[in-house]
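Nothing here was measured: the structure is a model prediction, and the numbers come from that model.
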Amino acid sequence: MTTLLISDLHLEEARPDITRAFLNFLEQKARGIDQLYILGDFFEAWIGDDEHTPLQDEVASALKAVSASGTALFLMHGNRDFLIGEDFCERVGATLLDDPTVVDMYGTPTLLMHGDSLCTADVEYQKFRTTMRNRQWQDMFLKRPLADRQTTARQLREISMAKNKGKEMAIMDVTPEEVVRVMEDQGVQRLIHGHTHRPAVHELEAGGQLAKRIVLGDWDKGIWWVTVQPGSEPELNQAPLQ
């Protein structure tokens, strides 16, 4: 019995090595397991389920094969792919999760998040996030022609990269007090998230009890995943791209 969690692959045509590593990961590790969770920023950009690039079609086909093998597949929005919708999820056999979501992992309530909402010190980003997650804004954006959406997505990525270069690293990390607040609000002692690209296992206190925050790494020079099995603590794993 095994559950795997990944995030921050940022799949894009410019990085075929990451796509290849992901397809290998699915084939070697994800087929026939209990569950696979993808906690956001799966794609570098997603402008609507009506876009069908060769990369998207290849990944969708591979995910469908995993869900058909009996693996329960779950997707969560990140700050790059928050427009993934029910059409894509139905196509690949996945369930779209709210952020945050608490799941029972072999008897332990586990809070799953992308992680960007925990970075409250980055006030400018949080305002941007609120706008992008507004349903009315999303509906208006998705009605625009595909070519217009592609141009806007490129412009937003360029703006984001330029702004992040000028920010202190601490601002783009989670706010410790917010982590504790959310864990206590959700009544959990285990949190798994991505977004920050700072893979680690942190011990803390929430609700007067020992708690654990597990941060997934981004897929760049290597791959990162968390393995959860009954009767043991979650394990943060790393391997080279292959």
Side-chain angles (χ1 to χ4, degrees), residues 1-10 18 21-22 25-26 28-30 33-42 71-81 94-122 169-170 172-241:
M1 299 177 69
T2 300
T3 291
L4 301 178
L5 302 98
I6 57 178
S7 73
D8 299 277
L9 281 70
H10 297 273
I18 296 178
F22 174 61
F25 179 87
L26 292 183
Q28 297 168 12
K29 298 185 182 297
I33 64 171
D34 292 339
Q35 301 162 117
L36 172 64
Y37 290 88
I38 305 174
L39 301 182
D41 283 3
F42 182 34
T71 300
L73 182 61
F74 300 91
L75 296 178
M76 181 177 285
H77 289 147
N79 52 297
R80 299 284 186 175
D81 53 10
T95 299
L96 190 61
L97 295 177
D98 291 333
D99 180 4
T101 288
V102 176
V103 300
D104 186 323
M105 285 198 178
Y106 310 114
T108 300
T110 303
L111 176 60
L112 305 180
M113 305 179 69
H114 175 57
D116 56 333
S117 63
L118 299 170
C119 304
T120 57
D122 193 344
M169 292 301 294
M172 294 187 289
D173 200 0
V174 302
T175 303
E177 294 80 7
E178 179 67 6
V179 170
V180 173
R181 185 196 69 78
V182 171
M183 294 184 73
E184 291 181 341
D185 184 60
Q186 297 290 337
V188 300
Q189 269 65 55
R190 180 195 289 168
L191 164 62
I192 302 176
H193 71 84
H195 178 66
T196 63
H197 300 186
R198 298 182 179 190
V201 178
H202 301 273
E203 292 189 349
L204 63 147
E205 185 177 294
Q209 300 180 54
L210 182 65
K212 189 170 290 187
R213 177 170 69 95
I214 304 166
V215 187
L216 285 155
D218 63 310
W219 289 36
D220 184 11
K221 296 180 174 62
I223 72 174
W224 293 88
W225 73 98
V226 167
T227 303
V228 185
Q229 295 177 318
S232 60
E233 287 295 310
E235 180 181 355
L236 180 61
N237 307 278
Q238 180 186 25
L241 286 175

**Message:** I'd like to know whether CG of Asp98 has more than 12 heavy-atom contacts from other residues, nucleotides or ligands below 6.0 angstrom.
**Reply:** no

**Asked** Any side-chain heavy-atom pair from Asp8 and Trp224 closer than 4.5 angstrom?
**Response** no

**Asked** Can any side-chain N or O of Asp99 pair as donor or acceptor with the backbone N or O of Met113 at less than 3.5 Å?
**Response** no

**Request:** Please examine the side chains of Leu210 and Glu203, heavy atoms only from C-beta on, and report whether any two atoms are closer than 4.5 Å.
**Result:** yes

**Complete:** Of Val103, Val182, Thr101, Val179, the one forming a side-chain contact (heavy atoms from CB on, under 4.5 Å) with Leu111 is Val182

**Asked** Quick one: CD1 on Ile6 to CG on Asp218, what's the gap to the nearest 0.5 Å?
**Response** 12.5 Å

**Asked** Between the side chain of Thr196 and the main-chain N/O of Asp173, is any donor-acceptor distance below 3.5 Å?
**Response** no

**Asked** Taking side chain as C-beta onward, heavy atoms only, is Leu204 less than 4.5 Å from Met183?
**Response** yes

**Step-by-step side chain to side chain contact (heavy atoms under 4.5 Å, CB included) determination, Val201 to Lys212** = CA-CA 7 Å; Val201 178; Lys212 189 170 290 187; 3.7 Å; yes

**Asked** So which heavy atom on Asp220 is nearest to which on Leu241, and how close?
**Response** O-CD1, 2.8 Å

**Request:** Under the side chain to side chain contact (heavy atoms under 4.5 Å, CB included) rule, what do Val174 and Arg213 come out as? Steps first, then yes or no, please.
**Result:** CA-CA 11 Å; Val174 302; Arg213 177 170 69 95; 3.5 Å; yes

**Request:** Check for a donor-acceptor pair, side chain of Asp34 on one end and backbone N or O of Thr2 on the other, with a separation under 3.5 Å.
**Result:** yes

**Prompt:** With a 4.5 Å limit on heavy-atom distance, are the side chains of His193 and Val215 in contact?
**Reply:** yes

**Request:** Check whether any side-chain heavy atom of Pro199 sits under 4.5 Å from a side-chain heavy atom of Gln238, and report yes or no.
**Result:** no

**Request:** Please tell me if the side chains of Val188 and Thr110 come closer than 4.5 Å, counting only heavy atoms from C-beta onward.
**Result:** no

**Request:** Give me the ring orientation class for Phe74 and Tyr37: parallel if the planes are under 30° apart, tilted from 30 to 60°, perpendicular past 60°.
**Result:** parallel

**Asked** Side chains of Asn79 and His114: donor-acceptor distance under 3.5 Å anywhere?
**Response** yes

**Request:** Over all heavy atoms of both residues, which pair between Trp219 and Ile18 is shortest? Give the atoms and the distance, please.
**Result:** O-CD1, 3.1 Å

**Message:** Less than 4.5 Å apart, side chain to side chain, heavy atoms only: is that true for Leu191 and Gln186?
**Reply:** no

**Complete:** Output for pair (Leu216 CG, Ile223 CD1), nearest 0.5 Å, gives 11.5 Å

**Where Met105 and Leu5 come nearest, the two heavy atoms and their spacing** = CE-CD2, 3.7 Å

**Item:** Residues Leu36, Phe25; criterion side chain to side chain contact (heavy atoms under 4.5 Å, CB included); working and verdict
**Value:** CA-CA 11 Å; Leu36 172 64; Phe25 179 87; 4.2 Å; yes

**Asked** Just by modelled atom types, is the Cys119 backbone N or O under 3.5 Å from a matching donor or acceptor in the Glu178 side chain?
**Response** no

**Complete:** One should read off an interatomic distance between Leu97 CG and Leu112 CG, to the nearest 0.5 angstrom, of 7.0 Å

**Item:** Any donor-acceptor N/O pair, Thr3 side chain to Val228 backbone, under 3.5 Å
**Value:** no

**Asked** For Gly207, does its backbone N or O pair with a side-chain atom of Glu184 as donor and acceptor, under 3.5 Å?
**Response** yes

**Message:** Minimum heavy-atom separation for Leu236 and Ala200, please, with both atom names.
**Reply:** CD2-N, 3.6 Å

**Prompt:** Where do Asp81 and Asp41 land on the side chain to side chain contact (heavy atoms under 4.5 Å, CB included) test, with the steps shown first?
**Reply:** CA-CA 6 Å; Asp81 53 10; Asp41 283 3; 4.1 Å; yes

**Heavy-atom side-chain proximity of His195 to Leu39 below 4.5 angstrom** = no

